[in-house]
Structure formats: structure tokens, C-alpha cells
Amino acid sequence: MILIADSNIIVSALISPKGEIAKILKDKSNIQFIAPDYMFMEIEAHWDKIKKLSPLSNKDLKKELSFYKEKIKQYQVIKIPKETILKAYRLVLDIDQDDTFFIALHLHLGYKIWSGDKTLKEGLKQKGFSHFFIEIEDIKQRLYLKGKA
């Protein structure tokens with residue numbers, strides 16, 4: 001299974017390195033994660049806030065971030081057709097334009113988005129696009145079933 005990881009998923013894992021999200025990201029299952037290539041720049045732009053909220057030392061936090069940079073394949077947004085980006089932009093224009101490339105990546109590749117952004121998910125649900133997302137419960141269920149196989 002391949003999932004698109006939203007920035008807030010990685011931020012959550014950095015802030016709660018022993019939490020559910022971090023455990024799923026670190027699971028050695030066959031789940032692969034991808035994200036738009038600018039995502040880690042976005043995370044680094046919020047680094048001071050993440051450092052304040054995380055229980056990890058700066059050194060350990062950087063080590064965690066390096067792990068996620070290796071774990072998550074960065075997809076170059078320039079490879080997404082402009083029409084697809086425009087469609088994604090129109091979908092999120094009144095919700096959160098910062099999520100354009102995550103939605104464009106979904107539209108381009110078809111993989112579900114794992115996001116904790118309730119505003120984005122609710123806004124797209126109201127437009128009939130809740131199927132873009134996967135919930136943590138569904139991911140945990142797949143991991144559980146795989147472990148039982």
C-alpha cells in the first residue's frame with residue numbers, strides 16, 4: 001500500500017515520537033509513503049515550534065526528521081500536470097490553498113492521503129471528496145491484518 005503523507009502527520013510524529021502516528025510510520029510493514037517534495041521545507045519552516053512541543057532533544061529530533069526524510073519518497077511537484085494542479089487548487093481554494101499539492105498528488109497518482117487536517121477533510125467531504133483520505137483506524141486495521149497473516 002502506498003499513502004500520501006500530509007505534513008501534519010510528520011509534525012505529529014516529531015512532537016509525539018512514541019505516539020500512534022510515529023509507530024505507524026516506523027512500522028516495517030509494506031506501507032510506503034510519498035509526499036510533495038516541498039513538504040520537508042514546510043516542516044523546517046515550523047522547526048522552532050516543533051522543537052518546543054517535542055520531548056526530544058534537538059539532536060534526537062533532527063535524527064527523527066532524517067529518518068522520515070529517508071522513509072518518505074519525495075515526489076517532484078513539477079511532474080504533476082498543470083491541469084491537475086489547477087483542479088486541486090480549485091478544490092481547496094476556499095479551504096486551505098497550502099494543501100494544493102497534496103490534493104494534486106492524489107489526483108495524479110490516485111493514492112489516498114493520510115492527514116490529520118480536519119478542516120481540509122471536512123471541506124472536501126462537503127464537496128463529495130471524502131474518498132481522497134484514509135483514516136488512521138483503517139491503516140491500523142491493515143497493519144493488524146497483515147500481522148495476523
Side-chain angles (χ1 to χ4, degrees), residues 1-27 29-56 61-62 64-146:
M1 171 170 49
I2 300 173
L3 298 175
I4 298 167
D6 194 345
S7 306
N8 57 55
I9 293 298
I10 308 310
V11 170
S12 293
L14 291 168
I15 291 171
S16 300
K18 293 184 180 179
E20 272 185 324
I21 292 171
K23 286 178 184 172
I24 290 170
L25 287 167
K26 292 174 183 175
D27 191 281
S29 70
N30 63 350
I31 297 177
Q32 297 173 19
F33 297 96
I34 63 169
D37 55 0
Y38 77 91
M39 181 182 75
F40 287 104
M41 288 185 285
E42 182 182 1
I43 289 170
E44 288 174 12
H46 298 284
W47 192 247
D48 288 338
K49 183 178 179 183
I50 294 168
K51 280 192 324 189
K52 286 179 186 173
L53 296 171
S54 178
L56 298 175
L61 196 55
K62 286 181 180 179
E64 287 283 303
L65 182 61
S66 286
F67 171 82
Y68 294 129
K69 283 181 177 179
E70 288 183 31
K71 174 88 176 180
I72 299 168
K73 179 183 177 191
Q74 297 179 48
Y75 192 91
Q76 295 178 335
V77 295
I78 60 169
K79 292 182 177 180
I80 301 172
K82 288 180 184 170
E83 311 82 53
T84 304
I85 293 171
L86 287 173
K87 182 178 180 180
Y89 177 77
R90 286 190 295 272
L91 283 171
V92 299
L93 180 62
D94 60 339
I95 304 168
D96 186 350
Q97 297 169 28
D98 290 343
D99 291 310
T100 298
F101 291 113
F102 292 98
I103 300 304
L105 193 55
H106 166 77
L107 293 172
H108 182 57
L109 299 176
Y111 302 127
K112 299 253 186 203
I113 303 167
W114 184 20
S115 177
D117 187 336
K118 292 177 180 153
T119 303
L120 175 66
K121 292 193 296 187
E122 185 57 36
L124 287 176
K125 179 181 177 185
Q126 290 176 5
K127 295 179 181 189
F129 297 102
S130 60
H131 61 280
F132 285 11
F133 301 96
I134 188 165
E135 298 299 327
I136 192 168
E137 293 78 19
D138 297 322
I139 298 169
K140 289 189 320 190
Q141 181 66 24
R142 289 177 191 227
L143 291 174
Y144 173 77
L145 290 175
K146 184 175 180 341

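This chain uses plain numbering: 1 for the first residue, then up along the sequence.
Atom CG of Leu86 sits about 11.5 Å away from atom CD1 of Ile80, to the nearest 0.5 Å. Atom CD1 of Ile136 is separated from atom CD1 of Ile24 by 4.0 Å, given to the nearest 0.5 angstrom. One finds the CG atom of Leu107 at 12.5 Å from the CZ atom of Phe101 (value rounded to the nearest 0.5 Å). Remark: Trp114 CH2 to Ile9 CD1 distance equals 5.0 Å, nearest 0.5 Å. Taken to the nearest 0.5 Å, the CG atom of Asp6 stands 5.5 Å off from the CG atom of Asp99. Tyr75 contributes atom OH, which lies 5.0 Å from atom CG of Leu109 (distance to the nearest 0.5 angstrom).
Looking at heavy atoms from C-beta onward, Ile113 lies in side-chain contact with Ile103 at the 4.5 angstrom threshold. At least one side-chain heavy atom of Asp48 sits less than 4.5 Å from a side-chain heavy atom of Lys51. Side chains of Phe102 and Val92 form no contact here, defined as non-hydrogen atoms less than 4.5 Å apart.
Between Lys26 and Glu64 there is a salt bridge, with a side-chain nitrogen of the basic residue lying less than 4.0 Å from a carboxylate oxygen of the acidic one.
Leu105 approaches Ile4 most closely through the heavy-atom pair C-CD1, 3.8 Å. Between Lys79 and His108, the closest heavy-atom pair is O-NE2, 3.7 Å. Between Leu61 and Ser54, the closest heavy-atom pair is CD1-OG, 3.5 Å.
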Pair up each side-chain donor or acceptor in residues 123-135 with any protein partner under 3.5 Å, not counting sequence neighbours, and list the distances.
| unit_1 | atom_1 | unit_2 | atom_2 | d |
| --- | --- | --- | --- | --- |
| Gln126 | NE2 | Glu122 | OE2 | 3.3 |
| Lys127 | NZ | Leu91 | O | 2.7 |
| Lys127 | NZ | Asp94 | OD1 | 2.6 |
| Glu135 | OE1 | Lys121 | NZ | 3.1 |
| Glu135 | OE2 | Lys121 | NZ | 3.4 |

Side-chain atoms of residues 12-23: list all donor-acceptor pairs with protein atoms under 3.5 Å, sequence neighbours left out, distances to 0.1 Å.
| unit_1 | atom_1 | unit_2 | atom_2 | d |
| --- | --- | --- | --- | --- |
| Ser12 | OG | Asn8 | O | 2.9 |
| Glu20 | OE2 | Lys140 | NZ | 2.4 |

Extract all donor-acceptor atom pairs below 3.5 Å that involve side chains of residues 32-42 and protein atoms in other chains or at least two apart in sequence.
| unit_1 | atom_1 | unit_2 | atom_2 | d |
| --- | --- | --- | --- | --- |
| Tyr38 | OH | Asp98 | O | 3.2 |
| Glu42 | OE1 | Ser7 | OG | 2.8 |

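Heavy-atom contacts from other residues, nucleotides or ligands closer than 6.0 Å to NZ of Lys49 number 12 or fewer.
A search for side chain to side chain donor-acceptor pair (under 3.5 Å) contacts involving Lys87 returns nothing, not counting sequence neighbours. When the side-chain contact (heavy atoms from CB on, under 4.5 Å) test is applied to Thr119, the partners found at least two apart in sequence or on another chain are Ile95, Asp117. The side-chain contact (heavy atoms from CB on, under 4.5 Å) check on Ile78 picks up Gln76, with sequence neighbours excluded.
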